[in-house]
Amino acid sequence: MMNLFDIDAPALSAEQILFGWRDTPRLVAVEITDTEAILHQRAPDGSCTSWRERLTPWLLTTQQYTDIDAQWKRLDGDGFCWMAQFGSWTEYQSARMRLRDMHVDVIAYGSPERQFLMLSGYTLFKGMSFDDVHRMQVDIETVGLNPQEPANRILLVVLNDNRGWSEVIDDADEAQMLRRFAQLVCERDPDVIEGHNLYGFDLPYLIERARRHGLSLTIGRSGQPMTIGSERNLPIGAINRPYRPVYIPGRHVVDTYFAVQRYDWAKGDLQSYGLKEVARAYRIADEERVLIDRADLGEQWRSDPEKVRQYALQDAQETARLAEIVLPTEFYQTQMVPDTYQHVATAGSGEKINAIFVRAYLHAGYAIPKPQPARDYPGGYTEVRRTGVIPRVVKADVESLYPSIMLVHRIAPASDRLGVFLPALEELTRRRLEAKAELRRATDPRQRAYWDGIQGSFKVLINSFYGYLGANFPFNDFDAAQRVTEEGRKIAIQLVDALERTGSQVIEVDTDGVYFQPPEGVEGQEAEEAYVQQIAETLPPGIRLSFDGRYRAMISVKTKNYALLDYEGNWIYKGASLRSRADEPYGRQFIAEVLQKLVEGDRDGIARLYRQTILRILNGEIPIEELARRERVTEKTFTSENKRKAAEAVRGVSVGDYVNLYQRADGSLGMIEDYAGDEDREHYANKLYRFALRLREAIGEDFDILFPRPEQVIREQQQPSLF
DNA sequence: CTGCGCTGCTTACCT
DNA sequence: ACAGGTAAGCAGCGCAGT
């Protein structure tokens, strides 16, 4: 048996820190028994081989607990400096329970796959591209939404894979269908199961219907059943969504419904995450898409089963194309992170970096430090210098500002005794530049997709190194994080000075980017790029400034709130006050129209639009969908005093869902599904005024003339002779 | 009693 | 369980003025 600590482990190279020290290529799964790990390897011809290795579950504590039966090892350093190793997963779990009852500090990962990969130095998918693994899409169509309702049977199951195979399973006998489903999955033996809302619908539905027939869906790689795990949280940027994962031992279950939300988080392009809408937005919908209203699927199935089959197959194929957009980043990260693809696709980026660090520390026999307690520290530099309509605007930004600062100034956590932080960041940066160069060279679409996936997986990790410093992780360091932002602010100010010294008008600076109007004489893209290059040369070594866009006009409203009009006539809105998805559509529409007229200089048009909109609201001419606001139902919705009215309206809606609420004339809130012609028109007229107020700084002195209070608009309307 | 400004809490956005 | 900064909405409070 391998013993990591009795011999001096050789120091890891930067590549080994990032990818693990085992070169074994093409591992597609690690499957766990009580005492063993089964490793599955897929050869280029598609055939699979497997072998077994010993599993030694482990946990870390800050002191030795001799009454816990384990092999205890002292790690070098402070913090979590004792490692307990166990002969089986059962023994590990009972020890973990005991330590939990003792309320002692412990690092104990609940996933045996992760534990095995961390200690062994293997990672999955080495040397493989996204399409090399065997991916299967699953989609089911049912009579209803509740599988417990006896009549709500599964009508059909569609299976599709990336080897050009598909099958639609339907049968008058539901049990027979379920058996066929399990048989086909086992025969085809996929590595990855993909689906849209798999965790929330298809897989739990299959499990429940099988249970009703006394069947167990044994579709694991070695014939184990599919199971539902306990509730976890999916980090989607700053918010968390509770969900219950489904596990199929030896395969990776990935849900494109979750993946697309993570993918869209920073972009915010999508209004809805339903498969049809997403497929349309990403232009991957079938050209001859069959559409069916799911409410009467049972009826459709009776009258035109072929149409339903076609519809379901298109769903599965669209899911496959969606996966190719939203999942490669997570797939290629799995080549680095000691965890399964399924976990990588649902873990936060800080957690992934942490797993890489901890793996390297344990390999060296080093202890894992305790995290520093949280404290606040200042962040990026933000300033608005001009508001209103500004023509001929250029955007320049510093590429990878914080990672560059960490590399140039050698800023790393003080607790990083082994020195993995900067080498890992350096290696990621170097490899990303390489991948981007390959991407530029490649012409074959598959090659391009591969290099783009690779560089994207590096980018996400690179951008998370700074955030890691200021979060609750073992190697956090708030002093280091503060030095990074301090240096960033200096550079931003230096940039502004250089621009203004050379005759530019700076409009807005935010952290690492600046919008400005270049000096007279700098006309056209070529001249603008040369000018940015000239400014770039005034910045410190290792800090790269680049041209990042040019606009016919910018309407600067408030910090982090502005609209851009490009030279093709497209608008880009930035900031919550201009583009919040929560805002009432009529207000967003109003703001968009005002901005358009503002850039055209049509002030009279703005005044007319405002008055007409108020009158349309008061006359009930605006549909309720335009008046309602979108809200996310959270735990807080039901516990916070601020949300009392909303809580009453959304009773029965589950946490995590979005609802559309409108205000009734009696002041209460209602869901638009229950709309009864009782909206509070006065409230919506006043709200329009508040939308206008958001643009006050951009409008300037005319504001009160263009936007009188709604009461006054009404008075003028009643005395038309005065207007 | 009403209206106003303030605080605290929450969400949604930007880099 | 990557970060801080900004805008905006709502409820509740105290205060001033009626």
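Worth knowing before you read on, the calculation uses all heavy atoms, side chains too, and leaves out hydrogens, waters and symmetry mates. Just so we're on the same page: letters track the sequence lines, and every chain starts at 1.
- Using a 4.0 Å cut-off between charged side-chain N and carboxylate O, A:R262 and A:D255 make no salt bridge.
- Here salt bridge (Lys or Arg N to Asp or Glu O under 4.0 Å) pairs that include residues 340-354 of chain A, with residues two or more places apart or in two chains, are A:R114-A:E351, A:E330-A:K352.
- Under the rule for a side chain to side chain contact (heavy atoms under 4.5 Å, CB included), the partners of A:R690 that lie at least two apart in sequence or sit in another chain are A:K687.
- Take A:E508 and apply the salt bridge (Lys or Arg N to Asp or Glu O under 4.0 Å) test, not counting sequence neighbours, and it matches no residue.
- A heavy atom closer than 4.0 Å to some atom of DNA chain C occurs in no member of residues 329-338 of chain A.
- What separates CG of A:N686 from C1' of C:dC10 is a distance of 16 Å, to the nearest Å.
- Atom CD1 of A:I405 is separated from atom P of B:dT15 by 17 Å (rounded to the nearest Å).
- The shortest distance between the side-chain N/O atoms of A:Y562 and the OP1/OP2 oxygens of B:dT15 is below 4.0 Å.
- Look at CG on A:L401: it is 15 Å from C1' on B:dC14, rounded to the nearest Å.
- Every residue two or more places apart in sequence or in another chain that forms a salt bridge (Lys or Arg N to Asp or Glu O under 4.0 Å) with A:R694 is listed here: A:D583.
- Residues forming a salt bridge (Lys or Arg N to Asp or Glu O under 4.0 Å) with A:E426 (at least two apart in sequence, or on another chain): A:R410.
- In this structure, CG of A:D397 is placed 10 Å from C1' of B:dT15, rounded to the nearest angstrom.
- Applying the side chain to side chain contact (heavy atoms under 4.5 Å, CB included) test to A:D680 and every residue at least two apart in sequence or in another chain returns A:Q663, A:E682, A:H683.
- Here A:K574 reaches the OP1 or OP2 of B:dT15: one of its side-chain N or O atoms lies under 4.0 Å away.
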### Summary of protein contacts for nucleotides 4-9 of chain C, nucleotide by nucleotide, where a base hit scores B, a sugar-phosphate-only hit scores S (4.0 Å, heavy atoms)
BBSSSB
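- A:F473 comes within 4.0 angstrom of sugar-phosphate atoms only, judged by non-hydrogen atoms across all strands, and of no base.
- Residue A:R579 places its side chain closer to B:dC14 than to any other of B:dC14, B:dA12, B:dT15.
- Ring centroid separation for the pair A:F475 and A:Y361 comes in under the 6.0 Å cut-off.
- The distance from atom CG of A:N476 to atom C1' of C:dA1 is 12 Å, rounded to the nearest whole Å.
- Atom pair A:W265:CH2 and B:dT11:P shows a separation of 15 Å (rounding to whole Å applied).
- Rounded to whole angstrom, the span from the CD1 atom of A:I591 across to the P atom of B:dC13 amounts to 13 Å.
- At B:dC13, one or more side-chain N or O atoms of A:R581 fall inside 4.0 Å of OP1 or OP2 (strictly under the cut-off).
- In this structure, CG of A:L495 is placed 15 Å from P of B:dT15, rounded to the nearest angstrom.
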Distances for protein N/O vs nucleotides 4-7 of chain B N/O pairs under 3.5 angstrom?
none

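- Two rings, from A:Y243 and A:Y199, have their centers less than 6.0 Å apart.
- Checked against side chain to side chain contact (heavy atoms under 4.5 Å, CB included), A:S349 has the following partners two or more places apart in sequence or in another chain: A:V460, A:S464.
- Every side chain to side chain contact (heavy atoms under 4.5 Å, CB included) that A:K436 has, sequence neighbours left out, goes to A:R432, A:R440, A:Q455.
- For the salt bridge (Lys or Arg N to Asp or Glu O under 4.0 Å) test, residues two or more places apart in sequence or in another chain that qualify with A:R681 are A:E679.
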